[in-house]
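Remarks on the structure that follows.
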Amino acid sequence: MEAGTVTTSIPSIEGYEEIVVESIATTARLFGISAKKINNLRVAVNEACINAMEHGNNYDPSKSIVVSYACKDNNMIVTVKDSGSGKVHPDFRRPDVEEQVKKFKTERIGGWGLFLMKSLVDEVDISGSEGKGTTAILKISN
Amino acid sequence: MEAGTVTTSIPSIEGYEEIVVESIATTARLFGISAKKINNLRVAVNEACINAMEHGNNYDPSKSIVVSYACKDNNMIVTVKDSGSGKVHPDFRRPDVEEQVKKFKTERIGGWGLFLMKSLVDEVDISGSEGKGTTAILKISN
Amino acid sequence: MSKSKSFGKNVVLEGHGEIDSLYISNNLDGKTSEDVRLAFGEIKKEKVLINLGQVRLTSSRGLATLLSLMLEGEEEGVIFALCEVSEPCMIILNTMNIMEYIEGVEILDTTENAMKWLSEQG
Amino acid sequence: MSKSKSFGKNVVLEGHGEIDSLYISNNLDGKTSEDVRLAFGEIKKEKVLINLGQVRLTSSRGLATLLSLMLEGEEEGVIFALCEVSEPCMIILNTMNIMEYIEGVEILDTTENAMKWLSEQG
Ligand SMILES: Nc1ncnc2c1ncn2[C@@H]1O[C@H](COP(=O)(O)OP(=O)(O)O)[C@@H](O)[C@H]1O
Ligand SMILES: Nc1ncnc2c1ncn2[C@@H]1O[C@H](COP(=O)(O)OP(=O)(O)O)[C@@H](O)[C@H]1O
């Protein structure tokens, strides 16, 4: 299939991220991306959308997140944009899950999203522009 | 799931319509639309997208078609917009397939899209606005 | 022995004994229907099975092209059996009442039954 | 005799003999994980099967909540068997090395094997 960009915007309402995830999975399938890569991408995109809806748009249903995706030469690029403050200092290090498990009674287990994204796609970049929201860019190559 | 509108834009390139079809099918499933209604909607949306890409945008890959979809109170509305001339005189009558079959050597079999749309969804409306393209609106209720 | 040839990504033609089998998959869109046309050009047998089980999506254009090709084949005495007709194909065939207007084309559920039906013909 | 109770659209709790079975389906998102929390509140048995076969998509948040609930259960002596762990769940469990850090939770392939494993415990 010829290269081109698809853009989907969804309201910041829990559940809508699945529409984006499945749409990107369909696109990846049409471009012959392997099932394993697609499964990993689904999880990574889901995390990126949830972060955009939660940390970016505070689940304000009137604010959209805009997701663009394109496949070319066996590479797929996904960008997820929110309209939050754009203040973001992403830390992609592995969370200490062992420690989290020990302290589960007093501290919330979690904060896995960025590490998952980094682990499940070939390249990830998250950057904000003050007042213009945050953009997460995920890349995979087949 | 809370009501909200999803919008997907695709380039006018054959094949991309499937991304829209699957995305709308996912949305319908999340809102509990029955499998039978979803299967019919998939075919109808596919026809609407192909018409928009072909008759509206002349398969110009730089022109997008914009598809919005929303579910509310067990109703789903899909709108498909192109950026063609907007000159359209839709005829939803049943094509005479018997006649087409008899004359298959001299005339092209086809022109089924509008009749299929009308038959497969609960309401359909196609209208153009000169210079602003054509909009097809498809509605189903569960 | 059976031979198999691909046309594009979605069309495969296989010959077994007195029957040619055409497998169509994914999206029966304009491009795929042109690949189906190429495949029809290489049909050698008078009994043809067309398996639509893997057609996830089809345009009316794609299905109309398939119909035209079958009508051309019929004129040359070919008998067709459609099998495992997937939901989107069936929706269009039914809505347009296609099967009422064509002869010499049968719809069977499984590949096995289609093979059996073809082998019992003429 | 077995009783069954639903929590939201995606969570069902069933009791059979000495085992409670929790079935989670669709999207294990924030909402579903809160329904899982409600279901955990009604667990009566000390052996619990959690079937993740129908989880098509999960957030790390959803899975982290499930993990917390299992850790709380463990403290009270409950034994858990996860089964039919779907691909998205497995991807997160593996990437985060979850199974290395928790005891008293086993992953089994089928519901049958999970039942068998649970019935052999304690
Ligand atoms: N789109 C975003 N906008 C603003 N901050 C973000 C965004 N995405 C991630 N972050 C920041 O990065 C942190 C880590 O994210 P993540 O690893 O996904 O864990 P969690 O979402 O569970 O906190 C978040 O808590 C937030 O501070
Ligand atoms: N989006 C559109 N823009 C302009 N004309 C359209 C559009 N959709 C449909 N039409 C007109 O309606 C006619 C019938 O459409 P349809 O029933 O789908 O059959 P076909 O596309 O095979 O011609 C088209 O040939 C075209 O003239």
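Values reported hereafter were calculated over all heavy atoms of this structure, with side chains retained and with hydrogens, waters and symmetry mates removed.
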Can you tell me which portion of [X] sits under 4.5 Å from chain D's heavy atoms? Options are side chain, backbone, both or neither.
| X | result |
| --- | --- |
| A:V43 | side chain |
| A:V97 | both |
| A:I50 | side chain |
| A:N40 | both |

Of the non-hydrogen atoms in [X] and [Y], which two are nearest, and what is the gap between them?
| X | Y | answer |
| --- | --- | --- |
| A:A136 | A:I126 | CB-CG1, 3.9 Å |
| A:N57 | A:S12 | ND2-OG, 2.9 Å |
| D:E14 | D:S4 | CG-CB, 3.6 Å |

Practice problem: Please state whether the side chain, the backbone, both or neither of D:T58 comes within less than 4.5 Å of a heavy atom of chain A. | Solution: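 Just its backbone gets close to chain A.
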Quiz prompt | Toward chain A: residues of residues 67-82 of chain D with heavy atoms under 4.5 Å | solution =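 Under the 4.5 Å heavy-atom cut-off, D:L67, D:S68, D:L71, D:E72, D:E75 qualify.
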Quiz prompt | Residue-level contacts of residues 27-39 of chain D with chain A, using a heavy-atom cutoff under 4.5 Å | solution =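 If one takes a 4.5 Å heavy-atom cut-off, the residues of residues 27-39 of chain D near chain A are D:N27, D:D29, D:G30, D:K31.
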Exercise. Check step by step if side-chain contact (heavy atoms from CB on, under 4.5 Å) holds for A:N51 and A:M117.
Key: CA-CA 11 Å; A:N51 278 350; A:M117 285 183 230; 3.4 Å; yes
Self-check item: Short side-chain donor-acceptor distance under 3.5 Å, D:E84 and D:T111
Solution: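 Note: D:T111 and D:E84 side chains meet the donor-acceptor criterion.
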Quiz item: Between D:I102, D:L63, D:N97, which residue shows the highest count of heavy-atom pairs closer than 4.5 Å to chain A?
Solution: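 The candidate making the most pairs under 4.5 Å is D:N97.
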Quiz item: Can you check whether A:D60's main-chain N or O pairs, donor with acceptor, with A:N58's side chain at less than 3.5 Å?
Solution: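 Not at all, since once roles are kept as given, no pair shorter than 3.5 Å links the two residues.
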Quiz prompt | A:D91 side-chain N/O to A:R93 backbone N/O, donor-acceptor pair under 3.5 Å | solution =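 Judged by distance alone, yes, a pair lies under 3.5 Å.
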Quiz item: Got more than 12 heavy atoms from elsewhere within 6.0 Å of CD, D:Q54?
Solution: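 No.
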Self-check item: D:K47 NZ: over 12 foreign heavy atoms closer than 6.0 Å
Solution: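 Result for NZ/D:K47: enclosed.
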Quiz item: Salt bridge or not for D:E120 and D:K116, using N-O below 4.0 Å?
Solution: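 Between D:K116 and D:E120 there is a salt bridge, with a charged N closer than 4.0 Å to a carboxylate O.
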Quiz item: Taking 4.0 angstrom as the limit, do A:E47 and D:R61 come out as a salt bridge?
Solution: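 D:R61 and A:E47: not salt-bridged.
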Practice problem: List the steps, then state whether side-chain contact (heavy atoms from CB on, under 4.5 Å) holds for A:R94 with A:S119. | Solution: CA-CA 9 Å; A:R94 175 183 281 278; A:S119 307; 5.7 Å; no
Quiz item: So which of A:K102, A:Q100, A:E54 has the largest heavy-atom pair count under 4.5 angstrom toward chain D?
Solution: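 Option with the top pair count is A:E54.
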Practice problem: Would you sort out whether A:Y16 and A:I65 count as a side-chain contact (heavy atoms from CB on, under 4.5 Å), showing the intermediate values? | Solution: CA-CA 10 Å; A:Y16 282 79; A:I65 72 167; over 6 Å; no
